[in-house]
Novice: 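Quick one: structure below, then a few questions.
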There are 2 protein chains.
Amino acid sequence: MSLEQLKQRALSNPEVKTEYEQLEGEFKLIDQLITMRTDAGLTQAQLAEIMHTQKSNISRLERGNANPSWSTLTKYAQACGFELTLKPNKLSDHRR
Amino acid sequence: MSLEQLKQRALSNPEVKTEYEQLEGEFKLIDQLITMRTDAGLTQAQLAEIMHTQKSNISRLERGNANPSWSTLTKYAQACGFELTLKPNKLSDHRR
DNA sequence: TCGCTTGTTATCTTATATGATAACTGTCGG
DNA sequence: CCGACAGTTATCATATAAGATAACAAGCGA
């Protein structure tokens, strides 16, 4: 199933909307991770060595079901030559 | 000891520089969290309810030694009316 | 002073992220 | 075909984040 299909199905059910958004955010996160690494011109194995961990763990981060801690994210970024802050974008349709 | 003093002492020892930077990043993170919550005009208890958790857990996040997972960060942000992405700032003095 | 609100701290339990090792796939230049 | 490289997957052990409850402290208006 494609991401687009998943999106359609998820959004058709209002209850899972936040779950989808979570999922989408996860994809974005992974994208940003991989972008940082490739920008730095590093392979997973090289990055793993800098971070004093294993390439399999890097793959796990970049592939699936990744829910890394803040410290893991900053270590990853720093190894790629980046410092990390959050970028909170205000949701226009925010209800309370 | 103030943050400034801590910074000075930490930076005087090259080996702990990254540790200090982690620490500084942690402070920045906490700042951003609290800012999001106060911007949303929420108390810890209110935010906790939205996130279906306890106010003590929110306090733990905002106070000390916080190392939240990405999903916790996004839930927190979303409850405050924000969507979250990473903002990677290139480190000018990056060596390899 | 007395409640009430907001936030903090301590503690336990449970869920899960991370570290580590090994085996596997696909790709590509020789 | 073969070896080297890049990435993936499975699995287990261990560290730790997160859920939950309770008690406490500070501030503040009635």
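Computed from a predicted model, the values in this text were never measured in an experiment. Letters A, B, ... mirror the listed sequences (proteins, then strands); counts begin at 1.
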Novice: Rounded to whole Å, how long is the line connecting atom NZ of Lys75(B) with atom C1' of dA15(C)?
Specialist: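 So the NZ-C1' distance, Lys75(B) to dA15(C), works out to 11 Å.
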Novice: First locate atom CG of Leu29(B), then atom OG1 of Thr74(A), and finally report the distance between them rounded to the nearest 0.5 Å.
Specialist: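 Answer for the CG-OG1 pair, Leu29(B) versus Thr74(A), is 9.0 Å.
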Novice: Once you round it to whole Å, what is the distance between P of dA17(C) and OH of Tyr76(A)?
Specialist: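 So the two atoms are 17 Å apart, to the nearest Å.
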Novice: Got more than 12 heavy atoms from elsewhere within 6.0 Å of CD, Glu49(B)?
Specialist: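 Not buried by this count: 12 neighbours or fewer within 6.0 Å.
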Novice: Please tell me if Ser69(A) has a side-chain N or O lying less than 4.0 Å from either OP1 or OP2 of dT18(C).
Specialist: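 For Ser69(A), the contact criterion (side-chain N or O under 4.0 Å from OP1 or OP2 of dT18(C)) is met.
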Novice: Hey, are Asp39(B) and Thr35(B) close enough side-chain-wise for a donor-acceptor pair under 3.5 Å?
Specialist: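 Absent: no donor and acceptor within the cut-off.
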Novice: Starting at the 5' end of DNA chain D, which residue's closest nucleotide do you reach first, His52(B) or Gln46(A)?
Specialist: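 Comparing both residues, the 5'-ward one is Gln46(A).
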Novice: Could you tell me how far apart Glu49(B) (CD) and dT5(C) (C1') are, to the nearest whole angstrom?
Specialist: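 Spelled out: CD on Glu49(B) to C1' on dT5(C) is 15 Å.
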Novice: From Tyr76(B) OH over to Met51(B) CE, what is the distance, rounded to the nearest 0.5 angstrom?
Specialist: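 Atom-to-atom, Tyr76(B):OH and Met51(B):CE are 8.0 Å apart.
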Novice: Taking only N and O in the side chain of Gln54(B), is any of them less than 4.0 Å away from OP1 or OP2 of dG19(D)?
Specialist: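 It does not, given that no N or O in the side chain of Gln54(B) lies less than 4.0 Å from OP1 or OP2 of dG19(D).
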Novice: Whole Å only: how far is the CG atom of Leu47(B) from the P atom of dT6(C)?
Specialist: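 Distance check: Leu47(B) CG to dT6(C) P gives 13 Å.
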Novice: Write down the distance between CG (Leu42(A)) and C1' (dA6(D)), rounded to a whole number of angstrom.
Specialist: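 Spelled out: CG on Leu42(A) to C1' on dA6(D) is 13 Å.
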Novice: Show your working on side chain to side chain contact (heavy atoms under 4.5 Å, CB included) between Lys28(A) and Glu83(B) and close with a plain yes or no.
Specialist: CA-CA 11 Å; Lys28(A) 270 194 267 192; Glu83(B) 168 197 57; 2.9 Å; yes
Novice: Please determine which of Glu62(B), Gln46(B), Gln32(B) meets the side chain to side chain donor-acceptor pair (under 3.5 Å) test together with Arg37(B).
Specialist: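 Single pass found, and it is Glu62(B).
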Novice: Just the table, please: protein N/O against nucleotides 8-10 of chain D N/O, every pair under 3.5 Å.
Specialist:
residue, atom, partner, partner atom, Å
dT8(D), OP1, Arg63(A), NE, 2.6
dT8(D), OP1, Arg63(A), NH2, 3.3
dT8(D), OP2, Gln44(A), NE2, 2.8
dT8(D), OP2, Ser59(A), OG, 3.1

Novice: Mind calculating the distance between CG (Leu61(A)) and C1' (dG7(D)) to the nearest angstrom?
Specialist: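 Spelled out: CG on Leu61(A) to C1' on dG7(D) is 14 Å.
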Novice: Send over the distance from Ile30(A) CD1 to dG7(D) P, rounded to a whole Å.
Specialist: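 Going from Ile30(A) (CD1) to dG7(D) (P), I get 15 Å.
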